[in-house]
Structures are given as C-alpha cells and as structure tokens.
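Read the structure below first, then the notes.
Along the sequence shown, residues carry numbers from 1. These numbers come from a predicted model, not from an experiment.
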Amino acid sequence: MNEGDDLDDVILKIDHVSKFYPGVTALNDVSMEIRKGEVRALVGENGAGKSTLIKCIMGVEKPNAGMIRMQYNGEWIVNNDALEAQSHGVFANYQNVNIAPDLSIAENYFLGRQPQNGLFVDWKKMREESQKIIDKFEMNVDPKAKIRELPLAMQAMVTISKISVNDDIRLVIFDEPTALLENEKVEILFRFIRELKERGVSIIYISHRLEEIASICDTVTVLKDGTYVTTGNVADIQKDELIHLMVGREMSDIYKIDHQKPGEEILKVEGFSDSEHFRDISFTLHRGEILGFFGLVGAGRSEMMRALNGVEKHLCGKVILKGKPVHIKNPTQALSCGIGFLTEDRRSDGCALQLPIKTNINMNSYDMISKLGWINLKQETARADKYSKSVNVKTPSLNQLVGNLSGGNQQKVVIGKLLCRQPDILIFDEPTVGVDVGAKQEIYKIMESLIAQGRGIILISSYLPEVMGLGDRLIVMSQGRITAEFDHEALQTLTEEDVLKKASFESR
C-alpha cells in the first residue's frame, strides 16, 4: 500500500509532523493517512514516537511543525485539545489506566453526561445502562463498585468498555490495550474492535504483541527513532521482517537466554495465606533460578507476592530466607533482607515520575551513601551512573525526569533502583508490560546476568510465551491456590493449552 492512494475515504491526515522536547526529537517529519473503517497498527520500539504522535492526534500536545487534520461531516478540521477531539468522535484508550479511581464504574461511564430525572441524576437509569455495558463485555462486576476496589486488569477492561458509551465514534486509539488482559478478555476486545470496524469506525492499534497485530489489524505503520519507516498490509509483512524494521536487528529467539544450574535454596515459603486472595501457598527458590508464576485475573499471584514483600498483610505461613525464618512487615525490611520487588504498576508504585533518574535509582539506598543526614553527592552520581548503565537506560542525562522516559526505560530505572541494594532475590511482577520487543530482550538479558551472579528471580507474567520461555520452573495458580507446578524438563514439551487448563481449574 502507498500512503496517499484513494483519499476519498481518508478520515485522518498527518502531514509532516515534528515534535521536539528539550534534548529530544520525539517526532521528525512524520506523514500518514488513516481511512474510514481501517484498523491500523502503529509499531516501534519504546521511544519511537508512538505515544507522542497519539498525544498530537488527541490535541494534548501541539506539533512544532506540520499539521494533523481529520474529516468531520465533510470538512477538514484541527482538534486543538482532547475535549474538542472527543466532541468530534476521537477517543483514546491509553496504556496507563486513566479513570477516576474513587468513583463507581457507572459514574465513570457517564462522567459529565449523567442521565437526568428532572433536576436530579437518574441513578437507576445510569446503573441499568451501565449493567448493559458490563454484560456486553462479560465483566462480572457491580456497576456500583468503586474503581479503586477492582484488580488492575478489570480497571483496564472498564476503561476499554467506557468507549462504547459514546454515540458518535469516528476514530479510536488503543494504546497497549491487552497488556493486562487475560486471553478471554482479549477476545472480547477484538470482538468490540470488529464491531467498530463494521460501523466504519477507524482504529489505531498500538501493541508490542505482534501476533495480535496479525490477528486484528489491516495495515501497519512502523516508526523508528521518531521517524516514519513504512506502511504496509499486515498480510504482506512477515513477523521477522516487521521486527527488523522496528529494531534494525534480527531477533530470532527473544526468550533465548543462558540458564544456570540451580544452586542452594535461598527462599522457602510454607502455608502462606491471607483472608481472601491466596491460601496455603508453598514453594522454594534457588540461586541462579527463574521461577515463573502464571494465573488468570484473580488468581492471587500479585497479592501473594505483595504480602511476601510486606506491602500487604498475611494471616499465616512461614518465610525462610537462607535457612532462617523471617517476619517481613514492610518493603524496607524486605530490601534489608535481600528481597527486591518490581511492582506491576511502575508508574504508581515503582518510580517517582517528576524526579530525575539519579534520584530514582538511589531512592531505596540513600542510607548507604549518607552520614549524619548529609548525602554524599559524588557517590549519588557515581551509583546512578553505574546502575543506569548496568541496565542500559537510554537517556541524554541522569538529570532527565523519569516521566519523560519511554516505558521500557522507566522499567529499567526501577530495576536499577532495586539493584542498588544488591538483593539476592528479585520479584518481577509483569516486568515487560507496555515494553517493546527490543527493550524486552534487554530486560531478559538483565535477568540472564542476574542469575549468572547467583541471584534468584521470581517472574510473574500474564503473557504465557514469556513465562514459559524464561522460567526454569513454572507454578500455576487459580483462585488463590497452586494448581500445578512444572519443572524445566516438562516446560520443554508443555503447550499453552496445558497451562491454561490448570489456570482455569476451579479449586475448592
């Protein structure tokens, strides 16, 4: 396909758009067109310019050069802000869940457009209409439930389904919509996208999961380092070719790392339980081992690891660290015991977005470079430089704000922050959510280096190819219990279907 052919049905024109930030060229002379009813994939490594382009389309950011126009009722218009874009039928489902956490599902669905009964809000009608949406997207939740009370994956599903409330939809942007979704919910999302396509709605679909692009998209545009590379029909581009266009190098087997022979036992968990999320959990971890945990939404994996790290409370169970029982009450104590925890929500829990890289990397270890309350600034810079380089953070300066980094580089900053304390055990909860294939491979290489040093890694992932491809062992959870454990030999012949059966097992 050539951009510019058959423009009668074009809904969005991006003409020579450039966007600059201090020290960074986010977009450089990017041009493309999106047609009515087209599902266009937008791919590239973190830092390729995808998120900046989306912000420019939505009117959140203004291009320094070029223009973005959309066709609305036969006229070409420019959206100057997000509200104006929405008034013209343009909606964005951002990578980070973006809804009001202290409001109910129903209140979020109808925020700013509540049905009225005279002078008052018609709560009954609002909840009934919300229930229809909940049923359509097969979410087993109460419309009165507060967003904050829902698992992160369900919050993501509410954000996706909220788009359907709008009557006039012309263009929808999905930015990593499946990052937190289990397989069943991905199919529901795809059904929604196909429904929108049949109605003539255009879709821009951003995903690092290339198999999804092959399944749902018509065309694909590649960005690299802020520049336009190419656009083509999905059916005409092979996966390996697409990866090469994105990263400029071959990636024959992204999960191929050097595994170690597991050493001594460094962690033993026995009969770990809390009041509602997990029950009677027991497992071991050895030096030089990657122990995978998999489960569907509600399995209790993250809650159990948060309790193990002292973020949440547990009711009973033993934790034995290097042969000695420990009682971990908070994350600070966990770090002092040699356990580092990479949370699944890096933006909220993992890093301080408005602070520089230097501060973030040292955040957990200022006590190690301070005396009588005075920070050794030379050591602060040296340690930040050492650990940012060890995880290959791409940045022009250690003083760069973490919020200005790509998702993959933000994740590497959080890992660098953990490594600053030299933990023996690292718990990685969804470490590659929203991270491109190039940055994923870099994170996997970091994991390879860590196990070569004799550290133990617990890897929690909702992405089966990842947890099966990297794990030396795999533990499967369902409804708060362990339903299966597979050793390294079993993983060589295991299928995704085998694991999903165990993850769907109804424990009693």
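At least one donor-acceptor pair under 3.5 Å links the side chain of Ser161 to the backbone N or O of Met157. Looking at Asn233, its side chain never comes within 3.5 Å of a backbone N or O of Ala235 through a donor-acceptor pair. Side-chain atoms of Glu38 never come within 3.5 Å of backbone atoms of Lys197 as a donor-acceptor pair (strictly under, hydrogens ignored). Although no hydrogens or angles enter the test, the distance criterion places no donor-acceptor pair under 3.5 Å between the side chain of Arg287 and the main chain of Glu265. Put simply, the side chain of Gln492 never gets that close to the backbone of Glu489: no donor and acceptor are under 3.5 Å apart. Using a distance-only test at 3.5 Å, with no hydrogens or angles considered, no donor-acceptor pair links the side chain of Ser449 to the main chain of Lys445. A side-chain donor-acceptor contact under 3.5 Å links Gln155 to the backbone of Leu150. A donor-acceptor pair under 3.5 Å is absent between the side-chain atoms of Gln354 and the main chain of Gly403, judged by distance alone. Between the side chain of Arg279 and the backbone N or O of Gln479, at least one donor-acceptor pair lies under 3.5 Å. Listed for the Asn360 side chain is a donor-acceptor partner under 3.5 Å among the backbone atoms of Leu355.
Taking all atoms of both residues into account, the shortest heavy-atom contact from Pro331 to Gly310 is CD-O, 3.8 Å. Residues Met477 and Ala299 share a closest heavy-atom pair of CE-O, 3.4 Å. Nearest heavy-atom pair, Val39 versus Ile216, reported as atom, atom and distance to 0.1 Å: CG1-O, 3.5 Å.
The one candidate from Thr52, Val17, Leu171 that meets the side-chain contact (heavy atoms from CB on, under 4.5 Å) condition with Ile57 is Leu171.
Between Arg383 and Ser365, the side chains place a donor N or O and an acceptor N or O closer than 3.5 Å (distance only, hydrogens not considered). Checking Asn28 against Thr25 by side-chain atom types alone, no donor-acceptor pair falls below 3.5 Å. Side-chain N/O atoms of Gln411 and Thr432 include no donor and acceptor closer than 3.5 Å. Looking only at atom types and distance, the side chain of Glu380 has a donor-acceptor partner in the side chain of Tyr366 under 3.5 Å away. Residues Asn392 and Glu442 have side chains that bring a donor and an acceptor to within less than 3.5 angstrom of each other. Between the side chains of Glu466 and Tyr444, a donor-acceptor pair is found at a separation under 3.5 Å. Between Thr221 and Arg40, the side chains place a donor N or O and an acceptor N or O closer than 3.5 Å (distance only, hydrogens not considered). No hydrogens or angles considered: nothing links the side chains of Ser215 and Glu211 as a donor-acceptor pair under 3.5 Å.
Under 4.0 Å is where a charged nitrogen must lie from a carboxylate oxygen, and between Glu270 and Lys268 at least one such pair does. Classification of Asp367 and Arg421 as a salt-bridged pair holds, one side-chain N sitting under 4.0 Å from a carboxylate O. Note on Asp385 versus Lys389: salt bridge recorded, some NZ/NE/NH1/NH2 to OD/OE distance being below 4.0 Å. Taking a cutoff of 4.0 Å between a charged side-chain nitrogen and a carboxylate oxygen, Asp429 and Arg301 do not qualify as a salt bridge. The existence of a salt bridge linking Glu448 and Lys256 is excluded, since no basic side-chain nitrogen approaches an acidic carboxylate oxygen closer than 4.0 Å.
Using the six-membered ring where Trp is involved, Phe174 and Tyr205 have ring planes that are tilted, between 30° and 60° apart. Ring geometry, Phe272 versus Phe278: the interplanar angle falls under 30°, so the pair is classed parallel (tilted spans 30 to 60°).
Side-chain contact between Ile257 and Ile290 is present, with heavy atoms from C-beta onward closer than 4.5 Å. Side-chain atoms of Ile54 and Leu42, non-hydrogen and from C-beta on, do get closer than 4.5 Å to each other. Residues Met304 and His277 fail the side-chain proximity criterion, which asks for heavy atoms closer than 4.5 Å. At a threshold of 4.5 Å between non-hydrogen side-chain atoms, the residues Leu53 and Leu223 count as touching.
Annotation: Phe283 is in aromatic contact with Phe293 [ring centroid separation under 6.0 Å].
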| For Lys502 and Glu497, what are the C-alpha separation, side-chain angles and deciding distance, and is it a salt bridge (charged side-chain N to carboxylate O under 4.0 Å, His left out)? | CA-CA 9 Å; Lys502 294 297 184 180; Glu497 185 179 358; over 6 Å; no
